[in-house]
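Step one of this worksheet: look at the structure below.
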Amino acid sequence: NSQLTNGVGAQLDVKIGFIGAGQMAQALCKGFISSGLVDVSNITASCPAQDVPENIYPVKGTRVFHQGVRMTTNNSEVVVASEIVIIAVKPHIVETVLREVSPAVTKNHLFVSVAAGITIAEMAEWLPVGTRLVRVMPNTPAMVQCGVSVCSPGPHASPKDVSLVLKLFASVGIAESLPERLLEAVTGLSGSGPAYMYMAIEALADGGVKMGLPRVMAQRFAAQMVMGSAKMVLETGRHPGDLKDAVCSPGGTTIAAVHRLEKAGFRCALMDAVEASAVRSRELG
Ligand code: NAD
């Protein structure tokens, strides 16, 4: 976790509330606390009584909401107790929730929504005029502190608000700010992207099994190899094409495989995937 804590400075003295206590809220909460950025006593979270984390996620990782985070079933109570309110309910519930808490919202609140496809303009309609708002597109690897989060400020968010949100989301991976119109592209790449990589890992493991490796080992090797290759790109700063060239010896094994991938339209399939997801998110938005 050293890499994670490096970028994070002193603890933030800010009260944070989650409306919705599902997977994304849980991942973010875990990141904020484990990076040392936010003290657990400053966090409040709400969800309907029947959904308290114990009941929905009986397996693992739910304890964060129980160890010191104050839980409530009253969304407005979260707003009253917090300066930053993170909206982490499913997209179709955002309107209901924002209309419901709207009377409790003041100029001191900063709203941060992670709901996919719900625009800043839509949310502004459901909140009091002038509410400070930042929309964020995170992805699920935030759960293992390797997420990609892109935030887009609404018209009333200050540069300070944006840097605060960036700091918070940097505790669960990398975080950048971009104009809202680019969030569709972000959805296609980092938002939906984990699914493409899970498929690649599964298929690579199948290849290993076909050539005689035990399944469990093949899958572990595939996942580690994907992580290692990603780290090479991120940590060396070298162009991926350059790194690829470096592992292709003349007349060797890797260039034979690369030829097969090109023949199968590997690059084109990935570009199409990003485009298809981005176009779909535009349709849903
Ligand atoms: P989830 O179903 O795990 O969590 C939703 C939470 O909202 C649950 O705790 C549920 O009890 C709660 N909830 C339902 N109705 C509520 C209400 N009226 N008031 C308060 N809480 C209520 O979903 P998730 O995967 O955590 O997704 C949450 C949001 O995060 C979505 O809008 C999604 O678009 C966004 N998001 C998720 C991912 C992801 O990969 N999981 C990635 C990017 C963005």
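Counting convention: from 1, in listed order, for ligands and their atoms alike. Keep in mind that what you see is a predicted model, and the values were worked out from it rather than measured.
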At less than 4.0 angstrom from any non-hydrogen atom of P91, what atoms of ligand 1 do you find?
31 (C), 32 (O), 34 (O)
In terms of atom number and element, which parts of ligand 1 are under 4.0 angstrom from non-hydrogen atoms of T140?
39 (C), 40 (O), 41 (N)
If you link I, L, V, M, F, W and Y whenever their side-chain heavy atoms are under 4.5 Å apart, who else ends up in the same group as I255?
V258
For F111, the option from I84, L98, V134 that meets side-chain contact (heavy atoms from CB on, under 4.5 Å):
L98
With respect to G22, determine whether any N or O atom, backbone or side chain, lies less than 3.5 Å from an N or O atom of ligand 1.
yes
Closer than 4.0 Å to some heavy atom of A116 - which atoms of ligand 1 meet that?
32 (O), 34 (O)
Output yes when a side-chain donor or acceptor of S82 lies under 3.5 Å from a complementary backbone atom of K15, and no otherwise.
no
Any N or O on E100 sitting closer than 3.5 Å to an N or O of ligand 1?
no
Can you confirm, on distance only, whether ligand 1 has an N/O atom lying under 3.5 Å from any N/O atom belonging to M137?
no
Contact between ligand 1 and T96 is defined here as a heavy atom of the residue under 4.0 Å from a ligand atom; is it met?
no
Checking the N or O distance criterion of under 3.5 Å, is ligand 1 in contact with A25?
no
For ligand 1, indicate whether the residue N75 contacts it via side chain, backbone, both or neither (heavy-atom separation under 4.0 Å).
side chain
Does an N or O from N139, backbone or side chain, lie closer than 3.5 Å to an N or O of ligand 1?
no
Proximal atoms of ligand 1 relative to V97 (non-hydrogen, under 4.0 Å)
17 (C), 18 (N), 19 (N)
side-chain hydrogen bond (donor to acceptor under 3.5 Å, both in side chains) between S41 and D39, intermediate numbers included
CA-CA 5 Å; S41 64; D39 189 80; 2.5 Å; yes
Report, in ascending order of atom number, the atoms of ligand 1 lying under 4.0 Å from any heavy atom of V114.
30 (O), 34 (O), 35 (C), 36 (N), 44 (C)
Between the side chains of N139 and S190, does any donor sit under 3.5 Å from an acceptor?
no
Hey, looking at atom 16 (C) of ligand 1, which of P48, A115, A45 has the closest heavy atom?
P48
Main-chain N/O of P138 paired with S149 side-chain donor or acceptor, under 3.5 Å
no
Is a donor on one side and an acceptor on the other found under 3.5 Å between the side chain of R70 and the backbone of I43?
no
Salt bridge (charged side-chain N to carboxylate O under 4.0 Å, His left out) involving E202 - partner list, sequence neighbours excluded
none
Considering the heavy atoms of A21, write down every atom of ligand 1 situated less than 4.0 Å from one of them.
6 (C), 8 (C), 9 (O)
Quick check against the 3.5 Å criterion: does Q219 have a side-chain atom that pairs as donor or acceptor with the backbone of I201?
no
